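Reviewing the structure listed below.
Just so we're clear, the structure is a prediction, and the values are computed from it rather than from any experiment. Read the numbers this way: they start at 1 and go in the same order the structure lists the ligands and their atoms. One is the number of the first residue; the rest follow in order along the sequence.
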Amino acid sequence: MTQAPEYVAYARMDELHQLQHPRSEARGELNFILLSHVKELLFRAVIDDLDCARHALRHDDVPRACLALSRATRTQRVLVSCWESLNGMSADEFVAFRHVLNDASGVQSFAYRTLEFVMGNRPRRQVEAAHQDGHTLLRAELAKPSLYDVVLQYLARQGFSMPADCVDGPTTRQHEPSSLVEDAWLEIYRHPDRHPGAHRLAEALLEVAYQFSCWRATHLLVVERMLGGKGGTGGSDGAAWLRTINEHRFFPELWTFRTRL
Ligand code: HEM
């Protein structure tokens with residue numbers, strides 16, 4: 001047997017290309033699976049960079065944290081632009097193979113859920129489900145404070161007053177918007193020259209949250225384009241449900257303090 005070239009062997013390209021198994025003859029299904037794989041892998045790349053930022057911040061290393069956040073943001077932009085490729089499929093092409101998905105839905109993506117957990121969205125229902133039968137990646141994430149918790153701990157070390165549960169509450173806690181946190185961001189943006197590190201960090205974090213919201217908003221548009229008002233394969237009422245999710249913002253006080261600036 002001839003040996004695979006190093007490019008193929010190094011990243012196991014042959015295994016990678018064996019993972020796509022369309023269940024129908026429909027034209028768009030292969031691309032749908034490929035794009036789903038690409039997005040899953042990119043979720044993982046973003047998780048890895050956010051984890052790197054979290055690690056740096058625990059050591060008060062703001063420049064390194066900002067570098068990792070800006071890498072995450074670059075990948076998030078690629079994630080948003082992936083919808084472009086999926087939009088090449090018309091609604092009738094999607095309908096032609098949608099039945100083979102059965103109840104498969106992105107809502108079951110453990111990588112996406114891990115990403116939400118890293119960012120700090122840890123609703124009790126999702127946390128309980130992860131503890132019961134979640135993937136190991138998800139359960140491992142719940143043992144760590146979220147990126148936002150680590151940011152607030154950093155601000156506490158810089159002398160800002162922070163709610164006690166943000167600083168040393170259980171890692172499985174859902175972050176609740178707090179006026180103390182909003183006051184801290186307001187002070188940082190009123191006096192960026194007094195708090196240059198925190199200001200730079202805030203801008204990098206906001207960009208991550210912004211790109212996340214762009215991904216969600218574009219997903220919603222794609223869903224409307226493909227399904228109109230139909231329900232989702234995951235059991236939700238489709239676009240109507242995603243519209244409510246769309247209103248959620250990561251790092252909420254970083255958005256709300258602006259009204260007072
Ligand atoms: C034709 C393309 C797509 C359609 C029509 C679609 C539709 C939907 C719908 C209706 C939901 C709501 C849950 C449900 O009832 O299923 C949903 C959730 C979701 N989809 Fe998609 N989707 C598409 C492509 C994708 C792709 C390529 C990904 C990336 C891997 C993805 C990731 C997700 C995620 C992560 C959720 C859960 C969102 C949350 O929990 O906040 N979707 N999708």
Side-chain angles (χ1 to χ4, degrees), residues 16 19-24 26-47 50 75-130 134-135 137-138 141-142 146 174-175 208-252:
L16 182 65
L19 295 176
Q20 298 77 29
H21 301 281
R23 291 176 176 173
S24 74
R27 174 73 197 100
E29 193 186 351
L30 176 64
N31 197 44
F32 179 78
I33 296 174
L34 285 166
L35 262 292
S36 300
H37 284 174
V38 167
K39 279 180 178 284
E40 281 283 327
L41 294 174
L42 294 177
F43 290 154
R44 175 126 163 248
V46 177
I47 291 168
L50 296 185
T75 308
Q76 287 179 293
R77 291 198 191 100
V78 180
L79 264 165
V80 175
S81 68
C82 284
W83 292 121
E84 273 306 301
S85 175
L86 208 67
N87 274 334
M89 173 170 70
S90 60
D92 53 296
E93 284 174 320
F94 182 50
V95 165
F97 69 87
R98 188 176 185 228
H99 61 283
V100 305
L101 302 178
N102 300 318
D103 66 352
S105 162
V107 84
Q108 298 150 4
S109 164
F110 60 82
Y112 178 82
R113 197 62 54 206
T114 303
L115 185 50
E116 288 231 357
F117 282 0
V118 176
M119 299 271 289
N121 191 23
R122 301 180 175 199
R124 185 197 294 251
R125 200 172 44 83
Q126 301 280 5
V127 168
E128 284 170 0
H135 190 270
L137 194 65
L138 262 178
E141 177 51 37
L142 284 177
S146 75
Q174 168 74 311
H175 175 78
V208 172
Y210 180 90
Q211 290 300 330
F212 209 117
S213 288
C214 288
W215 188 90
R216 279 176 171 162
T218 318
H219 178 251
L220 171 60
L221 281 172
V222 174
V223 171
E224 286 189 44
R225 183 174 181 153
M226 298 295 168
L227 298 182
K230 279 184 219 145
T233 44
S236 79
D237 55 1
W241 179 71
L242 288 168
R243 223 167 271 130
T244 61
I245 299 285
N246 223 20
E247 287 180 11
H248 169 265
R249 295 283 175 266
F250 289 99
F251 321 140

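- For L35, no heavy-atom contact with ligand 1 is shorter than 4.0 Å.
- The backbone N or O of R124 sits nowhere less than 3.5 Å from a side-chain atom of Q174 that would complete a donor-acceptor pair.
- Of the candidates S236, A240, G234, the one placing a heavy atom closest to atom 13 (C) of ligand 1 is S236.
- Not counting sequence neighbours, the partners of E141 by the side-chain hydrogen bond (donor to acceptor under 3.5 Å, both in side chains) test are R54, R122.
- With a heavy-atom cut-off of 4.0 Å, S109 does not touch ligand 1 at all.
- Side-chain N/O atoms of E93 and S90 include a donor and acceptor closer than 3.5 Å.
- Residues that satisfy the side-chain hydrogen bond (donor to acceptor under 3.5 Å, both in side chains) test with H99, not counting sequence neighbours, are absent from this structure.
- Ring planes of F94 and F32: tilted class, angle from 30 to 60°.
- Around atom 21 (Fe) of ligand 1, protein N, O or S atoms at less than 2.8 Å number 1.
- Protein heavy atom in closest approach to atom 41 (O) of ligand 1: I245 CG2, 3.6 Å.
- Nearest-heavy-atom check against atom 30 (C) of ligand 1 across K39, Q126, M226 picks out K39.
- The side chain to side chain donor-acceptor pair (under 3.5 Å) with N121 is formed by just one residue from the set R113, E116, R249; it is E116.
- Between the side chain of E84 and the backbone N or O of V80, no donor-acceptor pair lies under 3.5 Å.
- Close approach of ligand 1 to W241 is summarised as follows: ligand atoms under 4.0 Å from at least one heavy atom of the residue are 12 (C), 13 (C), 39 (C), 40 (O).
- Side chain of Q108 to backbone of D103: a donor-acceptor contact under 3.5 angstrom is found.
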- Task: Would you check, one step at a time, whether the test side-chain contact (heavy atoms from CB on, under 4.5 Å) holds for S236 with V107?
- Result: CA-CA 10 Å; S236 79; V107 84; over 6 Å; no

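- Using a 4.0 Å cut-off to heavy atoms of G235, the atoms of ligand 1 that qualify are 15 (O).
- Of the possible polar contacts, none joining the E29 side chain to the P22 backbone as a donor-acceptor pair under 3.5 Å is found.
- An N or O contact shorter than 3.5 Å links R113 to ligand 1 by distance.
- Here the side chain of T244 pairs a donor or acceptor atom with the backbone of W241 at under 3.5 angstrom.
- Of all protein heavy atoms, the one closest to atom 32 (C) of ligand 1 is W215 CH2, 3.7 Å.
- Nearest to atom 35 (C) of ligand 1 by heavy-atom distance, out of W83, Y112, F94, is Y112.
- Looking from atom 3 (C) of ligand 1 to the surrounding protein, the closest heavy atom is F32 CE1, 4.4 Å.
- Although no hydrogens or angles enter the test, the distance criterion places no donor-acceptor pair under 3.5 Å between the side chain of T75 and the main chain of L42.
- Heavy atoms of R216 found under 4.0 angstrom from ligand 1: none, in either backbone or side chain.
- If you number the atoms of ligand 1 from 1 as listed, the ones under 4.0 Å from a heavy atom of L86 come out as 2 (C).
- Evaluation of the ring-ring contact (aromatic ring centres under 6.0 Å, His included) rule for H37 yields no partner, not counting sequence neighbours.
- Under a 4.0 Å criterion applied to the non-hydrogen atoms of G238, ligand 1 contributes the atoms 10 (C).
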